[in-house]
Amino acid sequence: MLRGQRVLMDADLAALYGVSVKRLKEQVKRNRARFPGDFVFQPEINELRSLRSQFATLDTGRGRHSKFPPLAFTEHGAIMTATILNSPRAVEMSVYIVRAFVKLREILASNKDLARKLEKLEKSVAILDATTRRQFDEVYAAIRALMAPPAGKPRPIGFMAHVEK
């Protein structure tokens, strides 16, 4: 979590898409217009310290860590990255995302169709004559009566011997 958002760091996103961090950053730089500030941002020094303290100790050795600050990608930035990378995994993710949006659009369209049918039914019931509406009201009243608990004193549980007076 950085700046109140869930993010993926560039190294994690590169591993997810099967590319090097260098390649990922290169493509983001070349396609800067596709990555506004709410898609990707560079963490500030105090945020980096916070992240670094969560990773215990760093490995020693020359060239083991980037001398440039990492990039943090929000959910939208991670999806946009799939569209600019050419790795097989990134292409697969792009196709998956497109299919998910198409499916979502189909679901929304079917709900609109259902809402139209319901509205049409309500209008047709509203224009019924008074006799038919009264019959519907009687049916509704009968259903409500069946749904209501029975009135009266509940019978005791268990065996009761009937005593004659």
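Just so it is clear, the structure is predicted and the values come from calculations on it, not from any experiment. In what follows, every heavy atom counts, from backbone to side chain, and hydrogens, waters and symmetry copies are set aside.
- Annotation: D38, atom CG; neighbour count of heavy atoms from other residues, nucleotides and ligands within 6.0 Å is above 12.
- Ring pair F73/F35 is perpendicular by interplanar angle, where above 60° counts as perpendicular and below 30° as parallel.
- The shortest heavy-atom contact between G18 and S87 is O-CB, 4.2 Å.
- Looking at every heavy atom in both residues, L24 comes nearest to D10 through CD2-O, 3.4 Å.
- Under the salt bridge (Lys or Arg N to Asp or Glu O under 4.0 Å) criterion, E75 pairs with no residue at all, not counting sequence neighbours.
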Could you walk me through whether M9 and L71 satisfy the side chain to side chain contact (heavy atoms under 4.5 Å, CB included) test, starting with their C-alpha distance in whole Å, then the side-chain angles of each, then the deciding distance to 0.1 Å, before giving a yes or no? CA-CA 6 Å; M9 300 310 289; L71 295 175; over 6 Å; no
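- Considering all non-hydrogen atoms of both residues, P43 and P70 come closest at CD-O, 3.1 Å.
- Remark: L8 CG to L13 CG distance equals 5.5 Å, nearest 0.5 Å.
- Atom CG in L16 sits 6.0 Å away from atom CZ in R89 (nearest 0.5 Å).
- Ion pairing between a basic and an acidic side chain is recognised when a charged N comes within 4.0 Å of a carboxylate O; R23 and E26 show such pairing.
- Nearest heavy-atom pair, A90 versus Y17, reported as atom, atom and distance to 0.1 Å: CA-CD2, 3.9 Å.
- Under the 4.5 Å side-chain contact rule for hydrophobic residues, V19 and F39 share a cluster.
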Please lay out, stage by stage, how V40 and R32 fare under the test side chain to side chain contact (heavy atoms under 4.5 Å, CB included). CA-CA 10 Å; V40 64; R32 195 65 195 146; 3.5 Å; yes
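- Here Q27 contributes atom CD and R34 contributes atom CZ; the two are 10.0 Å apart, rounded to the nearest 0.5 Å.
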